[in-house]
Every structure is written in structure tokens, then in C-alpha cells.
Amino acid sequence: MGPVGGSSTSHDYTEGASEIDIDAVVASHRRSRRDSQYSVLYAENGDGSMFSGPGPSAQPSSVSRMSHIDAARRSTGSWSRTRRRSQDSARPPSVSRRSTADSEQSVDGEDSNNEEDEQLRKSPQTRSGVFDNIASLFGRSTDPPRQRLRSQSQRSFHSRRNERWGYSSGEEESSDESDSGRSVHTNMSVPASMQYDSEPGSPVTQSLPLLASDQIFGGEARIDMDISFALLDAPPPGLPSRQTLYIPDEDSTIRFVGYEITAWRQWLWNFGCLITLGALGLLGHWFPQLWLRWVAHEKAFQDIVDGFVVVESAFRDITLFRIRTLSYPYPISTVFPSSASGDESLEILTVVDYRYSRFALDPRTGMFSMIRDWRDPSWAGLQFVQNGVSTPVRQQRLSLFGKNEVEIEGKTTLALLVDEVIHPFYVFQIASVILWSLDDYYYYAFCIALISVFSITTTLIETKKTISRMREMSRFSCDVEVLVDGAWVTRDSVQLVPGDVINISSSQLSLIPADMFLLSGDAIVNESMLTGESVPISKIPVKDEDILRWRDAKGEAAKSFLYAGTRVVRIRGTFAADGGPGLPALALVVRTGFNTTKGALIRSMLYPKPIGFKFYRDSVRFIGVLTGIAVLGFCFSAVQFVRIGVKWHTIIIRALDLITVVVPPALPATLSIGTSFSIARLRKMGIFCISPTRVNVGGKVNVCCFDKTGTLTEDGLDIFGVRALDRNDHRFGELLENVHDLPLGKEKATFLHALATCHSLKMVDGQVIGDPLDAKMFEFTRWTLEEGRVAGTGVIKAKSGAILEQTALVQTVVRPPGSAQFKLEDALKGGAKHAHFLELGVIRTFDFVSSLRRMSVIVKRLKSASMEIYVKGAPEVMVDICEPDSFPQDYDDLLSYYTRRGYRVIAIAGKSIEGLSWLKAQRFKREQAESGLRFLGLIIFENKLKPGTAPAIHALRSAHLACRMITGDNPLTAVSVARECGLINPAAHVFSPMFTQGNESTPISTVEWSCMDEPSWKLDRFTLKPLEPPHHTVDTDELEYQDYSLVITGDIFRWFINHAPLETLQRMLVKTQIFARMSPDEKNEVVERLQGLQYTVLMCGDGANDCAALKAADVGISLSEAEASVAAPFTASTPDIGCVIEVIKEGRAALVTSFSCFKYMALYSMIQFTSVTLLYSFASSLGDFQFLYIDLFIIIPVAVAMARTLPYPKINPKRPTASLVSKKVLASLVGQIVITSGVQLWGYLWIRGQPWYTPPVASDPNSDDNHLQSRNYENSALFLISCFQYVLVAAVFSIGPPYRKSMWSNGWLMASLGILTALNMLVLLSPPEIIAAILTLMPLPIHGRTVLLFGVAGNAVVSMAFEQWGAGMLAVVVGRVAKVIQRWTSSRRNQGKMYKAVEGGMRS
């Protein structure tokens, strides 16, 4: 980069324009500035900010699609619903979305579809349990859990069976059972967007550990019942008691239901809790609906005296919030929109604080509204806001909005401890410990209690660390100068309220403390905290119409909006006529605290969207099945107990003890063992996970989506060269790699001057900052840049003569190399025609707009009589704004040549206007400036593939994982890169669409698909299958499904979403491999539409404009370490897509490990259940130390060691199942249960038939002792056999390839199995007397011990053989029987994935 120009002489670029003239153009000057919607390059909407455009700051994708897209609010409840509209679409808003202001009372008598909706994704409680903490002893380092951001939009679903709020698993069948030949039905029902009664609830996820916002129950421990508020009786007559509200910054809908406590019922409930020793209270805590039905009754919000509001979210979790009243002696218009009836004063304000959002009750309607939506009705323009607010108004707004702080409420250690202890898992453990103590199992009870205390303690420590880190990240305060009662005073930023005017020039801000409009001066900020993109963004003063738009809730002007939490790069005030300091930079506070954009980001981290996974749901159901088995087993044992004459209290204790045997307290903890080790291994590879539940989901990924620039290709762009027009021929000249070779030409508007001026770079502390592409282009010219304040200022005066504003007349000054060392006088003496005296001033800039895909500048050369207009943008748009005769003959050929080879191409055009004064330039409309241009040349940027891209894509495609590119770049460039990296087969035919009639906003538009290599070859418009190809291209009979692919652009994608037939839309989504020219919002749309087809989607991006898509994806991987990377559950420190392979491998390993551990724990339970049930038949049981030996010395070490098996180095084409009830899993589990139970039954019967056998001593029926005898031959035989079985099934269930390495590679497991086998052999063959005494073993003859050993060996052979061959054969038989039964019963069950059905239709 060349040195900064050193001249500070003020030059007159206004050509004599008077101050009155300048004054007259101020308004039009401001109105002419266009707000950018996205941070985009010309050809890469998703790959970086262009110029000074605010990028995603317009509405930061990492936070939410905010209220500015309410008119295009998305509705993706079902495929048959009105097509989801993209941001640039012109369709009317969806009826399923409503603003808070339009909230209305819920419709009564909604129909229930619970019977149909059996498939529900539930999100598990992610806890650090017994095994989690024991696993740390085996080398696992534990990081405090961080939380994932909430995904922004609801998913699309494929049938009424899957119509629901929330997240559809798409896991109805395992992948190996899918029916790929099913046809797609399009006659799906259209549910109401507020269908509350379509699905049972999803458990509340643990967002921040124990940071529940429920003020009644406090904890997040909920067990959902299949009950919805929509199923309640009709609401009481009168004022509203139910209300549906839409929360824009979360893009979700919630429901309020008012309840009031009935005093006598509350007393009765308390009495019930007392007599049940708190059991009823725990049930009410776990099942809030139960407590509501018993204690409270529904009542109108306005009539509630001692009550609360029940809030039901879109994901069916409910929380209860007390209704609070505030003393509020202020007019009603200070909270709610004023009405024609008058502005009466309030005395009491009723509010509900839900997830740090305050809702106030309007006494006129009896309905709640968000106070975040309130706007000051007096804000009609700049003159109405520039005086700030008075002290009384500040007090009023402070009481309404609260302090300007993002303060996360923390709980005391005692409260956290109570919340942890009353979780069902620990309640079950406590009850088990008490039971074992009553049964004299003191040692065993003590050890389990010790483990539980250790687990709770470590969980509390991690929770406190997490809360502390979150609070530190969210807290910020600084001293600011505030205009109060006409005087500047210094206040803490936490005291700011909406309407405050602050001096940001003198406040020395490092971060923006609140959401603010810039009133004067200019600012450069870094919004990476919100967008993930570290590109400086320029901010300009707000205009009157922007203030009005804000007041009317039509969105903020992003170019003038300073978002809370963004980092300040530079803030400047205006400048005086002599170039000295003028007015300070002022800003108007419009949102504070959690109402700010930063507050929305923190809130989405605290309350992420719950995810579900079939494995978790099935595991809960399986535990229920085990409990049922325990009940059946006890019924059998109870009959024996009664027949023997055992006392009733002993029978009760035995029954409860049997439940703890079949459902071991450590069982839920096994679900997270494999995940914990996978996260630790990923951390060592530089891949950090903030959402542990996503690891297992990664094992089911079947489509991988990638951004291009910064993800597949290198982040930085290098100029490959420029192609200017040839002087003598109407063609392009040679590729020029040096700026000195660039001809100046005869025209005033030259290519070189365009390169030097057509950008939005800024100079801060001697460094040129701005978009990297702009910086590369300017660096290529080797010119120097200087900000325009040295070139003079214009003074804007009011009629009274008072100075309203001072502004730089020239925004940027650029000079060629070497010119800065000459003085102005030397330049004038030597003649202005010499290059080294050249100086160009940028008079006006039309910022980059994503819809136009271009920017432009008006430039004046020093002492020139004319001005030049330069435009830079995507080559496609130049055809519409340039004179046709200015294009060289080889324009299309050369453009195609470079784009097909993966180069980024930017086009430059310009024109000169004689006699254009500064005044006229300010009045110039953009449409006038960007028309009638002359094409000047092309800039070719080189974007190289990253070294690891091609190998990673090859590995993914070899594993039959679909790969998609979602980029903002030119489709030709995208296809070239895709072919280069192997994402598309180089020999495949690629078809791209174009409008032959209409455009994206016309429903009856016609889209034609043409082959990019052979334009005459078309696709059928509806089936998207190739028509008859040209004779020399390919034979139709030889064309396979995989031999062609589709590429689509954003505008046609929007048309497909909004207007295309459903089947065609689905085929497009399945077959398209490249989505080009996609805006950030459209990237998010692609991900959600793929999920609607039941794909499990992985999205990998650089964290910039991909934030929304990263959040929406099932597995999001950010290659950026910016603060906004919290949008993605995974963040890779190495910016290479090789991390995708590692995440998938670890996900599959974790999923298989979870299956193995769960199956092992389930079989352990059944082995012990068999032993205890057989012993119960004659009033015996296992001894205290026998239980201790099994659980502590066998089960826990083996279960933890099993999870340490490493993932298989290669991704297998077949995905692991995620269903515990799949045929293979059930066949394996049931078969092993039968084998192990049969061996135990053989041992039980065999030992009773031996000549040396003596029956056990009968217990005294009159004794009060609940303890059953454990010293007998049956006990010894069953205990010795079962000890080997526990070790055996661990080896059987230690699944190796193709998802994990062989068990022989797991040193921990092999050591555990070897040591335990040796120990069991010792206890069986020659137990030391002390061990035999502790384990209450009977002395067996050597013959008996040998027979038992052979029995165990036979058990091992049969179990191994069955697992290797028998389980698969049994699964096949069961599958065939099920199909026959299904055919006989004419059952039409929804089988297979939807995308497979679509693929099947295209292959046929």
C-alpha cells in the first residue's frame, strides 16, 4: 500500500457553490443514500462485506431476522402451506405470522391430532451425571458447557404426521429400512400456524445449566405430559385469558394463558405434599400441568389478583411467571400506542417478564404487548430528538425499560443445589440410597451416595463457571456524556434510556453501549460480534425519514444504526471550514438492555432452540419398558413371597429394590459418555463444541452444505489481472498484471481512475481499512488515499443563520504515487496535465445495494470542468446500464472464459458529465448516475481452492454423502470451483435455469433449464428430467440420474419457493448441487427446505453471512473464530473443511458408543434382574458386597472404558441407525437377553441337582428383619455366572468397524476386560477365604467350579456367534414378517425419508 498522502491543503471542489446552495441540497443528499441490506460482494452475497456496506448489520443474521422483514415473515409449518417468501419477494405476508400489536385471543375448541402425531423429537436433559464425572478420571477434560444460538425459523415438514411446531426428527425409520421408491403425495392438510394441539411436548432443554426462568417452579426439570392448553375447556367468558404473541427477534410464537390460584385448593395441595413427604410436590414440579389443574383456574389477565401467566413456547415447553404490578403514574401513551379516546393516566402497570423480555398489559384491551415495540410518538424528525429527554421522562422510562444492562440473573449456590437435587435422576438415586440403607446395604448405599455427591458438586462448579463466563461476556458499562435538561452530564451507561442523546466523540467508547442512531459525525465500527465478519462498517448520520420509519416500526436504517456490543474503530465529529474540529458526534439511544440487538443475541444463547433426536426419545421409552419388566418380575416374585409367608413390609421393600435393579440409577448418564470423549477428541483437533447434543446428530448427517469463499476457497482474493479495452480494436486488450501497463485512454472517464476511486475505503491511524476486495483493488493502483476532510467543508445553516451541520464536501481524496510530495503551487506552475500532480476527489458515493449488485461514485478531478461517474459491480448488471456499443465484441466469451475457470470477475463502467457542479451532483438521482455508461474493463480476482478442500470433498462423496454449495457468487464461477474440487463430477452435465417470461415476483413466470455446455439441451420444466439431447451430446439411454446436476440462482430459487409446483420444488431441492447468488436469508432458506425433505443437514461456513444458515442446520460448523461463531455448535480453529470429516466420524462414533453403552447397561440390568428374580423365588437375594462388586468394580469401569474406542478412520457409506427400536438393535438385545437368562436358568437348575447341594436355611417368618439371606448355593452359582456375563456382553457390544476402530485398539477396554476376567477366574476357581467371606460364597467342589467355567465359556461362544450372524438373520426374518403383516392389514405407514421418495421418482 502506498503512503498516505501528506497534503493538507484545502481544495475547492464546489466550483463556487454558495453556502445557501449547499444548504439547499442537504436533505436530498441524505435521502439519496441507499441502505445496504446485506454484506455482499458483487458476485458473492455470502462471502464478505463490500465497500462500506453494513453487511448483515442491516439485520444481523447471527441474532435474528428482525422486525424489518415482518412484511415478508416466513411460514414454513408445512410444505402445503403458502410458499415461504424470501426477503426480496413481493408476496403478501403470511397469515401465520402476527405482530405483538396484532395479537389476538386464541380460537377455542381447537381439534386435537395427538393420536396421529406419534413421531416427536424430544430434547434430552444434558447433564453431568455419575458417568460424566467418573469419565473425567479416565482422561476427559471438562469444559463448562456453552450454549448454541436459537435457530431462526421453523422447519418445513412433509405430511400431517409431521406437522408440528418445533423440530422434526426425520428419523421415523433407520436409513437401512427406508423405502426409496415411495411416491410423494401432495394432498397434505394445511394446519393452522398456531396448531398447539398437534404434538405432545418436548422436554425443556438445559440451556444454561439451572438457569430456568420459571418463577413458580424455578428449575428446568420437566417431564412433559401429552397435554396441551389447546385441549383445555373453552376460556371463561369476558375479557381475554389467552393470547398468542409473536416475538420478532426470536422468530417464534408463544402463548399466554392467565391463571389464578384458588386458596382452598392451594391449602389442600400443601396438605397433600405434607402427608406424602413432598412426593406430591415433586410430581407437581415435574408435571406442571398436574399442579395447574389441581390448584389454579383460568382467568382473564386483567382480573387476576394473585396469579400468574403460563407461557407455552413453540416447542411445547411451558413456564409459569408471576404477574407483577408496578407503580406507574404516567400517561398510557408512554407504554402503549395512543388512541383517539384520550391519553388517560395509569396508576398501576401490570407486567410479565418472560426470558428478559417485558410484556405490559393494556387496560383498554386486556391484552399484553411487548414494551420493546413502543416508540415515542413525538419522534417526527431530527429536530424533535436532538434535545434529549428531561429528568422526569428519564425516570419514567427507567422504570418501564429498566437499566441499560444485559445482566443475567444468577442463582445462589443453595438454589442451584436444590434445583439439581430435585431432578428426577437424583431423586431416583436418593430414593435408591434410602432403600438400600433400609435393606442393610450400607456399603453399597454409601459408595453410590459418594459418587452422587461428587457428581452434584462437579456439576455445580461447572454451572457456576458457565454462569460467570456468560455474565462477564454480557456485562458492559462505561461513562458517557448525556444531554439532560439541556446540559451535558456524565452518567454511567447503565442509566441510559430510549431518547437520550449522548456525545460519543468525548465518551471514549470501545463498545457501543446501546442501540443508537447516529445523529451527527461519522463512525466506523466492527460488527463481528453480531455477524462474524471482521470488516469495518461505516455509519452516516440518520435522516428525518429514517427517524419516521423507526417511529412507525418499519425498521431501522442500518447505515445509521449503531448496534449495542459492536466494537468502535473510529468516531469523528464534523469539521470546521478550516479543517479543524467542529460539532461532536452525537447519537440517539433507541433501545437499551435486553431489548438491544446484543440482548437478543445473549437471550438466544440462554434459551436455544431445543433439538430432538430419535435415540434420546427411544431411550426414555426403553427405560419405561424396563420398568414394566420390573413390575412383571415382581408380580411373579410376590406370589412366591406370599406363598413362602414373607411379611408385607419386606415384600414392598423387595419390590422397590427390584425396580432399582432393572432401572439402575446410572442408566441415564450412559447416554453422554461417548459424547464426552468425542468432544474431548475434537477439542484436541482444534474443533470446539458448544452444544454436546449435536455430536450424536452429526452421526446422522446425510447432506453437507458449504459456503464457497473462505470455506472451499481461500479467504483472501488476489488480483489476477485487469482487462481493459484495446485502443485500436473493439476488443479486450491483453491481461495486465501491472498498473503501469494500463493505458489511460483519451476519455476523461478512465479505467485507472475508476480503480482508484470506486470503493468505500477509509483511513484510520494511517491504515486503509475496508472490504478486503476493495483494499486489494486499491493496492493494485499503488495510489494514496486521504479522507476528504482536508478538502474543505460545507456549512449548512438554518434560516436564522444558526449552523445546523458541517459536512465534508469531498469524502475521499486519492493521488497517484509520488504526487503527495509536491505542493499545490508547484502543481499549478507545472500544469495540471502531469500525472504526478493529479488529484481525484470523491464527491458522492452511492453505496452498494445487494438487489442492484453494484456501487457507484461521482468523482471530480482537481481543476477539471467536468465530473466522472464510475460504477463497479457484477458483470451481468452492466448490460442494463451501459451503452451497448461500448461493450467489446468478445465480452461474453471472455467473461465466460474466466468464470468457468473459477475466477471472480468485477466489471467497471464510467462516464463523464461536463459542467456538473457540486450542487448538481448532490441532487443527482442514482438512476441518472447509473445509466448511459461506457464499459471500461474487467478486474479478474483469483480465488484459489484451499489445499484440504478437494480431498475432503472426495472423502465425503466416497461415503455417499450429498454435497451442496450455497454461495453468493456467480453460477459459472461456482460450477467451476465445484468441478475443480470434485463436488460435481467433471464429466457431469450441469443445467442452469433462466426466466423466459416474467421474473421472480410473477407467479406465472416461465423458467427454462439449459445445459451450460450445450444450451440447446433442455430439462422438462416439471419433472426436471433431461429431454432428448442433441445427437452429438449423449445417448438418452445412457444418461443416469447422477450424470447431470442443477445449479440455481437466488432470484429463481425465490420463485420456486413462492410459486413453483410442490413436486417440482422438491425435485429442484434434491437435485440442485449449487445454489448461487444466494443472500444470507436465502442460504438459511435452503438449509431449512432441505430439512423439510428430512435431510440431516450439516452447514459449514466462515461465520460471516452464513450465521443464520449455521444456526438453522442440524450441525453447523463455523470456520471463523469471531464472536458471532456462537451461532454454530462447532467452531474450527483451522479454517479447513477437513473438520467436517472429523465431526461426522466423531458423531458416528459417539452415536454407536451411546448405543453400545445403553445396550450394555440394559443387558446388565436384565442379567441382574434374572439373578435376583430367581433368588426371590425362595426368598433369597444378592448380598451387599456382591452388588458392590458388580456395580463398582465391573459395570462402571467397563462402561466408561467402552466409550474410549476411537472412530474409524474412514467414513462408511452407510449411516448408523439412530433408533433403539430398529430391528437390528432389538434383535441383538432380545437375543442376548434370552441367551444370558437361559445360561443363568441352567446354572440355577444344575446346581440344585448336584449331590453335594444343600437347600438354603428357611428364614424365620416371625422375624422383623427385611434382609434376605444371600449365602446359599443358588446365590453363589448365579453370582459367579453373572460376573462373567457382565464382562462378556461388554465385549459383544463393543462395536468396531465400520464406525469405530476394533475393540482391540482400545487399551482401556482391553485392560478392564482382561483384569476383570482374571479376577472373576480367581473368584470362581480358587477364591481367597477373605474374598469368599466378603462375597458370601459357598464352598464349591472343583468339579462344580469346572462345570460352571465350561458353562460360561459356552455362553461366550453362543453370544459372540449370535451377535456376529444370528442377530442380522433374525432382523431380516422380523422385517419380512412385519411386511407380511403390514400387507395383510393394509397398513399404510409412513416409511422412508421424503428425499428418498423424491429421488426414486426422478430415477424412475
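Side chains are part of it too, since the values below use all heavy atoms of this structure and drop only hydrogens, waters and symmetry mates. Along the sequence shown, the residues carry numbers beginning at 1. Here the structure is a predicted model, which means the values were calculated and not measured.
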Give the intermediate values and the outcome of side-chain hydrogen bond (donor to acceptor under 3.5 Å, both in side chains) for residues Arg904 and Thr973. CA-CA 7 Å; Arg904 176 78 61 78; Thr973 304; over 6 Å; no

Candidate pair Glu1142 and Lys1145, rule salt bridge (Lys or Arg N to Asp or Glu O under 4.0 Å), full reasoning: CA-CA 5 Å; Glu1142 300 302 330; Lys1145 290 195 300 187; 3.6 Å; yes

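Using a 4.5 Å heavy-atom threshold, the side chains of Leu1069 and Tyr1095 count as separate. No side-chain heavy atom of Glu1399 sits under 4.5 Å from any side-chain heavy atom of Lys1071. Taking the side chain as every heavy atom from C-beta outward, Leu961 and Val703 never approach each other to under 4.5 Å. Using a 4.5 Å cut-off on side-chain heavy atoms (C-beta onward), Leu1046 and Gln1073 make no contact. You'll find the side chain of Pro971 stays beyond 4.5 Å of the side chain of Ile1074, heavy atoms only. Side-chain atoms of Asp707 and Leu712, non-hydrogen and from C-beta on, never get closer than 4.5 Å to each other.
Summarising the geometry, atom OG belonging to Ser958 is positioned 11.5 Å from atom CG belonging to Asn1212; distances are rounded to the nearest 0.5 Å. How far CD of Glu1082 is from CG of Asn1084: 10.5 Å, rounded to the nearest 0.5 Å.
Checked against a 6.0 Å centroid threshold, the rings of Tyr1299 and Tyr1208 do not count as neighbours.
Closest heavy-atom contact between Glu714 and Pro947: OE2-CD, 3.8 Å.
Side chain of Arg471 to backbone of Ile408: a donor-acceptor contact under 3.5 angstrom is found.
Under the side-chain contact (heavy atoms from CB on, under 4.5 Å) rule, Arg1148 has a single partner from Pro1298, Pro1216, Ser678, Pro1207, which is Pro1216.
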